[in-house]
Structures are given as structure tokens and as C-alpha cells.
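Report on the following structure.
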Amino acid sequence: MNRVRLIVKDIHIQYQGEVNFFTIKLPNNIKRIIGVENDAFIRSAYSEPVFPSNPDGTVDNPLVVKWAAQNALSLGKVKLQSLDRTGIFYEAWVSHLFYGKGVPDMSFGRIPVGSLTIDRKNRPKPMNLRCKHFFVEGMFEDSLGTQLNHNMDYHIRIFVWVETTEPAKGIAFEFEDKDFEGEPNLLQIKI
Amino acid sequence: MPKYFSKDFNISVTTAGQSIKQNFELDKTMKTVTHFTILSNREDLLYYRGSFGLDINKEEVITEGYSVKKVVCWPSVPADLRLKCIGAMDAGSGVIKFQYSDTPDGLTTFQPYTVTLSLEGERE
């Protein structure tokens, strides 16, 4: 495979329910898009939510709280579109995982790793989009501000991994290898 | 059997929102760089606020602005799998250009912290 490069696009969201349309410029020597990732930086003050099961604050089942507290925060939805493929080629909820969350509750034995933990290495969503055009169009729609009913200030970053026509010069990221098995082989105990 | 090296480079983040660009140099005996990771004495601040860029031997490996979140792993990930593989880059002149940006964040309170760029590779 040729040289893989990373394109970073930063989007600033400030208002409740804001819809942001943006363009990601790709290099002129691009061959294809091989992966996409997203991330968020929250600038507004935000405290980690407490999840009472009932509106009056009482909790029916302590187990529900344990699992609900491990949820990631959904900020909104991002969609990407290219002239090289019909329709939307990438669509995802942008999540923000709290530090220390995602570690499974060990009191019921070891559980399989979830998709929203950093209990394993992060990898971009694989993509094989051959490009003849040098840009990608996208949109992001806020849902966090809508849920909280006030303006939230945060940045969304879209990371696009592209293969170019340049020689690799020894650079080969691990996700380029389809057979990569970087995830730990965890012992799964059935409850 | 090849010989390996592991080298750490530290930078100090002293003010919130600071952007740091620093050059480091590897020893001349270092032939290739194969893995990297980013560590800190305050992993929560690194995780929530950090983004970085990395150039090795004037070749851009990671573009500036890439989230540290995408690199860090829990200690439950086996030690040999925590590092990010970048193939086998020629260390060349051994110049490492590391850019780190601290982004003010609503979830954490800033305190000075140290960011460590950890590199591994082969040496002569």
C-alpha cells in the first residue's frame, strides 16, 4: 500500500440544535479513503450525569445504575457524502466517552469488551472509497444541546485516513493490515 | 536477533490552552522507529484535553490535531499491544518533531502536567 495520510477537520458547535455544513479538502494525490474516525472536545461546563431510574430519584435496581453510568455521551450525528459514491458513505453518532468509564463491572465476572470502551486499541471505521474528486461534503447536527435545552460549546473533529500515490517510505499503520488482531483475547465468563 | 530501543521524551504543560512544538533527537544508533504512544502523569487531563502531531525525520506521521483519545488504552490492554504501530520508519537524522495542544475543557480543571512521547524501534 502507498503512503497513508491523515486529514483533520475541526467543527465548532455553539448553539442548541445547530446544523453545520462543512467541506473536507482532500490532497490532490489521493487514491482512496481508507478509514474515518471522529472525536469531540467539550468546552462548556458539563458534569457527569446521574442516572436515577425514576423521576423522583429513587432507584429500583442498582444494576441498572451500574450499567447506565457507563454510557457514553452522544453529541450529535455526523454524515459524510462524496461525489464518488451515491448517497452517504459515513454516518455516525459522535460519542464522548468519560475517562474511567467503559471499564466493566467486575462483580458479575468479566464481560466482553464493548464498542465504546478503550479497553482495546482504537481503529478507524474501515472504508474503501476510491476518489476522483478532492473534497468530501459533510454535515453535523447537534443533539446534546437539544437534550439539555441550552447552548453547548464544543468541537467535533473528523479524522479521514487517505491513501495517496506517494511511496510509503516505511510507514504502515496497523489498521492497514486487514488481518490485524490487536484486541486482547479476553476470557468471557457467562453469567 | 535485532536490538530494540525504547525512548521517552517529556514536555511540560504549564498553562491551560497551551500549544507546544518541540524537537527531540534520537541517538545516531537508532535505525528505525516502529511504535509510539503518549503517556502522562495526569492521564485524565491528557485524555480529555490533548491533541497532537508527530513528524519523524521530516516525514509527517500524524497530522497536528489528532486526538490523544485515539491513542491511549487502559492498562488492561497487554503491554505489547498498547503502542501504536507505524511500520518501520527510517530514523534518518533522528529528528522528532512533536506538537502538543491542550484544549480547555468543561469536564476537567487544569493543573500543570507532563506529557510523554514514548518511541520504540530498532537500533544497531
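Proteins get letters first, then strands, A, B, ... in listed order; numbering begins at 1 in each.
- Enclosure of atom CZ in A:Phe134 by more than 12 non-hydrogen atoms of other residues, nucleotides or ligands within 6.0 angstrom is indicated.
- Contacts with chain A (heavy atom to heavy atom, under 4.5 Å) involve no residue of residues 16-25 of chain B.
- Listed by sequence position, A:Lys169, A:Gly170, A:Ile171 are the residues of residues 163-171 of chain A in contact with chain B, using a 4.5 angstrom heavy-atom cutoff.
- If you chain together ILVMFWY residues whose side-chain heavy atoms come under 4.5 Å of each other, A:Phe21 ends up grouped with A:Val19, A:Met139.
- For the pair A:Phe41 and B:Pro104, the minimum side-chain heavy-atom distance is 4.5 Å or more.
- Between B:Tyr66 and A:Glu37, some side-chain heavy-atom pair lies under the 4.5 Å cut-off.
- Distance alone, capped at 3.5 Å, is enough to place a donor-acceptor pair between the B:Lys70 side chain and the A:Asn38 backbone.
- Residues A:Tyr90 and A:Phe22 fall within the same hydrophobic cluster, defined by Ile, Leu, Val, Met, Phe, Trp and Tyr side chains chained together at heavy-atom separations under 4.5 Å.
- One distance of note links CZ of A:Arg5 with CD1 of B:Ile62; it measures 11.5 Å at 0.5 Å rounding.
- Looking at heavy atoms from C-beta onward, B:Glu60 lies out of side-chain contact with A:Leu6 at the 4.5 angstrom threshold.
- Residue A:His96 holds its NE2 atom at 4.0 Å from NZ of B:Lys69, rounded to the nearest 0.5 Å.
- Contacts from residues 145-161 of chain A to chain B, taken as heavy-atom pairs separated by less than 4.5 Å, involve A:Arg157, A:Phe159, A:Trp161 in sequence order.
- Using a 4.5 Å heavy-atom cutoff, the side chains of A:Ile42 and B:Tyr48 are not in contact.
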